[in-house]
Amino acid sequence: MSIRRTDGSKPTVLPTISAEAQPKNTAKTRTAPNVIKDGFGPAAKTTDLARAEQTLKPLPAPVGRLSLESKEAQSAIQTSLEHLTPATSKPATQGLRGGIQYPAFVPKNVERDELGMTHVRLDRQHEGVKVYAEQVVSHLGKDGKVSSVTGDQSTIPAGLGTQKPQLSHAQVLDIALKDFAGKPDRQPNSERVIYKDPTGEYRSAYRVEVANVNGTDNPRRMNYLVDANTGKIYEKFNTIDGFKNCPCATHGTGDAAATKGTKGAAATTPPDVKVSTSPNAAIKDNATVTSKVKVADDVTVDKLKLSLNISHTYKGDLSVTLTSPSGKSAVVHNRTGGSTDNVKGDFDLSAFAGEKAKGEWTLTVKDNAKGDSGKLNSWGLAISPKATQPPTEPPKPPVPGGTADDTSLYSGKVDLKTKQGADGTFTLEDNTRGKGISTYDAKNQEEASGTTPFKDDNNVWGEATDPKRNQAAVDAHYGAAMTYDFLKDVLGRDSIDGKGEKLVNYVHVSENYVNAYWDGEKMSYGDGDGVDSGPLTALDIAGHEIAHGLTERTAGLVYRGESGGLNEAMSDIMGAGVEWYASTKNSDVKFNWTIGETAWTPTNGDATDGLRYMNDPTKDGYSIDNYKDYPKQTEVHGSSGIANNAFYLLANGGTNRTSKLEVKDGVGMDKGLKIYYRALAHYMTPSTTFAQARTATIQAATDLYGADSTEVAKVKESWTAVGVK
Ligand code: ASN
Ligand code: CA
Ligand code: ZN
C-alpha cells in the first residue's frame, strides 16, 4: 500500500529532535515495528547532517521554505516541540505505545517570512497515528522564541491509536472502490488516521483516496473517511469538482447506447445524439416504472424526439412523463382514454428546447387503474443539438509601444518565454521562472500526459497563420507566468511550494470540456463548449487553479465544509490578484471582481458575465455572501462568496448586500492580498473555519501593520459585514 503525502511531496522521515537535543536520549529510543511511513511514527534519530551542521557557522537566514534538515529548521522545530509539550506535561503518557514514545507532532514544513518570523507547521499525531486534517503551527519571533501557536489542540481519547483496527487497508479500499464505481487511473492509497467525525467525536479511521483524473469529463479525486472498525463512510468529497454552473455538473459516465458526435472547435451543428434502452419492464397495476438513459454528449437540445414502445392492455390507464437531467418534465401521454392496447410511436417534444442534453433522462410510466397489465418494452431519444459557435473573437490589436509580440485569446499582446529546440522551432518552456513553466498539448485525450509540445517556427505566437491549437496554449503559458510573477513580486513567494516548484499546464484536455483544474501536480484546461465558455484559460482562472496548488502546499484547507469554502475563496482571491497584477503590466488586461468573464459565455453578447462575482456574490443566483446563509449553501463554490466578499470589502470597500453593512475605503489590493496570503501560508490549517479565518487574517494584518493599524480594523469590519464574528 503506498502512502502519499497530501501535498504530493515525497515522504521524509524527519528527525524530530534537533542537534541541540541530547543524543543520549534519542539513541535509546526504540524503533517501532511496522514503521509508519509519511514521517509518522516514533521519534527518529538525530541525523548526522543535523549534527554536522551544528559545527557550521550560521548563515543569514533565508526567506521562504527552509529545508527541513537545515539547522535553522531543526532548531525552530525543537523550540516549537518544547513549547508544545514541555517536559512537565504529559506527552509521554499520551504518546506511549508498547513502551515506545510517539511524539504528538510531526514536522511538516518550516517557513521563514520577510518579517524575520519562522512558522513551524506540524501535523498532529496520536499514539503513532496521524490525526486527519489537524495541524498546529507555531510562530517564532525574530528572537527565536515562540510568540503564538495556532491550530488544533483538542484532547483525543486514549486508545484510539493503539487499538488494532478490525478492518485492514485492503478491506477499506474495497469499500471505497465499491462506492467509487469506476476505474481509478492512479494507484489508490489509504492511510490510517484518527478522525473527528461530523458530530465532533474522534474515531479510528482510514482516509482513502481514489482518483480518476486524466481528461475524463468527470475528473474525480475522491477522499473517503471510513471507520476502521465498522467500515462506515463518514464523508466523501471530490477535490476536483466542476465549476458550479457548469453544464457538465450532471456528470455522465457515458452510455453504451449513446452515439458520440464528432466534436470540433469550429462553428458546427453537431450530429444528432441517439440513445435508447430496452428495459422490458413489467407495468403492474397502480405501480410506477421508471427507466433511465444517459446522454454523454455535452450539447444543447434544439429538437427532441421520444420514441416509445409500451405494450398495455388498456390505454386510458397510463401516464408517461419524460424528465431531463436538469429536472424539467414533460407529460407525454396522460390517460387519454380509449381502449387501444399500446403506446407506440414517436413524440416531438418542444418543451426541452434549450435544455442541456448531457446527463440522465428519466422516463416515468405510471399505471393509474386496476385490472390491466403491460410492459415498457423500449424507448429512446433522438436529440438534434443546437449549433455551437466558435469560442472567441479575433485577437485584439497590439499594445502601442509594447515589446510583447505574442497574441493571446484573452489578454491581448503578451511576452512568452520559450525554448528553441535542435530543429530550430520554439516550444512553450519558460526557464526564467523558478524551476520552470511548461505548457503541453493534452491532444483532447483522456490522458493529460506526455510532453507533446506546441511548436512555433518564428517564436511569434498566436499569429493568424499559426495553428489554431496554439491559441489557448498562449494564454495558459502566460497565465502561469503571471501567477509566478504575482507570487514573487507581490507575495514574496517562490512558486507554490516556496521553493520554485515547476508549473505544468496541459491545454485541450478532453473534448468541449467546460472546466479547468489542479490535480495535485499540474493544471488541466478544457476547451469549453463554445457556448457556456471558450477555453478555460482566462488569467483569473489560471490564477485560481494554480492557487489550489498554493493552498495544498500551505494551509491544506480540506475541500469540503467551511475549510472548502475558504479553499475556493483563496483561489478566487489569488486569481483576482493575478488579474490585478497583470493589469498593471499589460493594458489589455482589465481587472475586475468577476471571475472568468473573458472566457465565460463567449457568444451571449455579455462580456461582463462570469462564474462568480466577488463584489456581489449572490448575483449568480447560487453563491451566498453572508455567513448567516451558510447552512443553506455549503457547496464550496457557493460558500466561497462569504470570504470572497470579505476580501472585496477589505481591499476595495463597499457594502455587503445581505447585512447592508458598509466598509468605507478599502486598504487596496496589495495590502489585502498580502494579508490573505500571510493568513493562508502561516495561520490557517486544513480544518480552518470562517471564524478562524477571521482570526488568521487579523493576526496576519497585525504582524504586517500593527495591532492598532487601520488595516487590522478593516479586516475586522469586513468579516463582520459578511456575518463572521
Ligand atoms: N474548476 C474547479 C475549481 O477550481 C475544479 C476544481 O478543482 N474544483 O474550483
Ligand atoms: Ca508564429
Ligand atoms: Zn476552485
Side-chain angles (χ1 to χ4, degrees), residues 6 8 209 211-223 236-249 251 448 476 479-480 483 496 503 505-507 509-510 512-529 532-579 594-600 610-614 617 620 622-623 633-644 647 676 680:
T6 47
E209 186 170 308
N212 185 320
V213 166
N214 282 319
T216 74
D217 269 2
N218 178 17
R220 288 186 296 161
R221 201 171 149 206
M222 289 301 298
N223 272 250
K236 54 180 173 178
F237 56 94
N238 183 6
T239 66
I240 315 173
D241 223 339
F243 289 120
K244 49 84 194 175
N245 42 8
C246 149
C248 42
H251 291 293
T483 305
I496 56 178
L503 301 175
N505 302 312
Y506 281 85
V507 180
V509 171
S510 193
N512 296 359
Y513 181 41
V514 186
N515 204 355
Y517 58 92
W518 157 261
D519 69 3
E521 290 160 12
K522 60 185 190 288
M523 273 65 66
S524 286
Y525 295 98
D527 290 334
D529 59 0
D532 287 304
S533 86
L536 279 297
T537 47
L539 203 45
D540 49 6
I541 295 178
H544 175 110
E545 300 311 337
I546 299 171
H548 278 309
L550 171 68
T551 296
E552 186 167 333
R553 301 284 184 257
T554 55
L557 292 161
V558 178
Y559 204 61
R560 54 98 166 102
E562 297 199 20
S563 55
L566 284 167
N567 183 323
E568 264 306 308
M570 280 298 172
S571 273
D572 280 349
I573 291 163
M574 296 303 155
V578 170
E579 187 178 275
T594 306
I595 302 297
E597 71 287 350
T598 55
W600 204 242
L611 280 155
R612 285 177 290 281
Y613 305 89
M614 298 173 72
D620 64 6
Y622 177 85
S623 299
Q633 177 52 286
T634 57
E635 192 279 322
V636 295
H637 297 88
S639 67
S640 65
I642 298 167
N644 276 352
F647 179 80
Y676 270 63
L680 177 73

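Counting begins at 1 with the first residue of the sequence. Atoms within a ligand are numbered from 1 in the order they appear, just like the ligands themselves. This structure is a prediction, so every number in the text was calculated from the model and none was measured.
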Can you check whether [Y]'s main-chain N or O pairs, donor with acceptor, with [X]'s side chain at less than 3.5 Å?
X    : Y    : result
D529 : S533 : yes
E568 : S639 : no
N238 : R221 : yes

Run the numbers for me: atoms of ligand 1, each under 4.0 Å from some heavy atom of [X], listed by number.
X    : result
H548 : 3 (C), 4 (O), 9 (O)
Y559 : 6 (C), 8 (N), 9 (O)
H544 : 3 (C), 4 (O), 9 (O)
N515 : 1 (N), 2 (C), 5 (C)

Do any nitrogen or oxygen atoms of [X] come within less than 3.5 Å of a nitrogen or oxygen of ligand 1?
X    : value
Y517 : no
W518 : no
A516 : yes

I'd like to know whether E597 forms a side-chain contact (heavy atoms from CB on, under 4.5 Å) with D540, so could you lay out the CA-CA distance, the side-chain angles of the two residues, the decisive distance to 0.1 Å, and finally the verdict.
CA-CA 9 Å; E597 71 287 350; D540 49 6; 3.4 Å; yes
Proximity to ligand 1 by part of V636, non-hydrogen separation under 4.0 Å:
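The answer is neither; V636 stays 4.0 Å or more away.
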If we count only N and O atoms by modelled type, under 3.5 Å, do the side chains of E545 and Y525 hold a donor and an acceptor together?
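Y525 and E545 do not have a side-chain donor-acceptor pair below 3.5 Å.
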When you compare the side chain of L539 with that of T598, does any pair of heavy atoms fall below 4.5 Å?
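No, side chains not in contact.
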Pick from L611, I541, I595: which one makes a side chain to side chain contact (heavy atoms under 4.5 Å, CB included) with W600?
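Of the listed options, the one satisfying the test is L611.
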Mind telling me whether Y559 and H637 have parallel, tilted or perpendicular rings, with 30° and 60° as the class edges?
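It falls in the perpendicular class, over 60°.
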Quick check: of its N, O or S atoms, which one does E568 have closest to the Zn ion (ligand 3)?
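Among the N, O or S atoms of E568, the one closest to the Zn ion (ligand 3) is OE2.
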Backbone or side chain, does H637 get an N/O/S atom under 2.8 Å to the Zn ion (ligand 3)?
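It does not; every qualifying atom lies at 2.8 Å or beyond.
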Taking the Zn ion (ligand 3) as the vertex, what is the angle from NE2 of H548 to NE2 of H544, given to 10 degrees?
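Result: 100°, to 10°.
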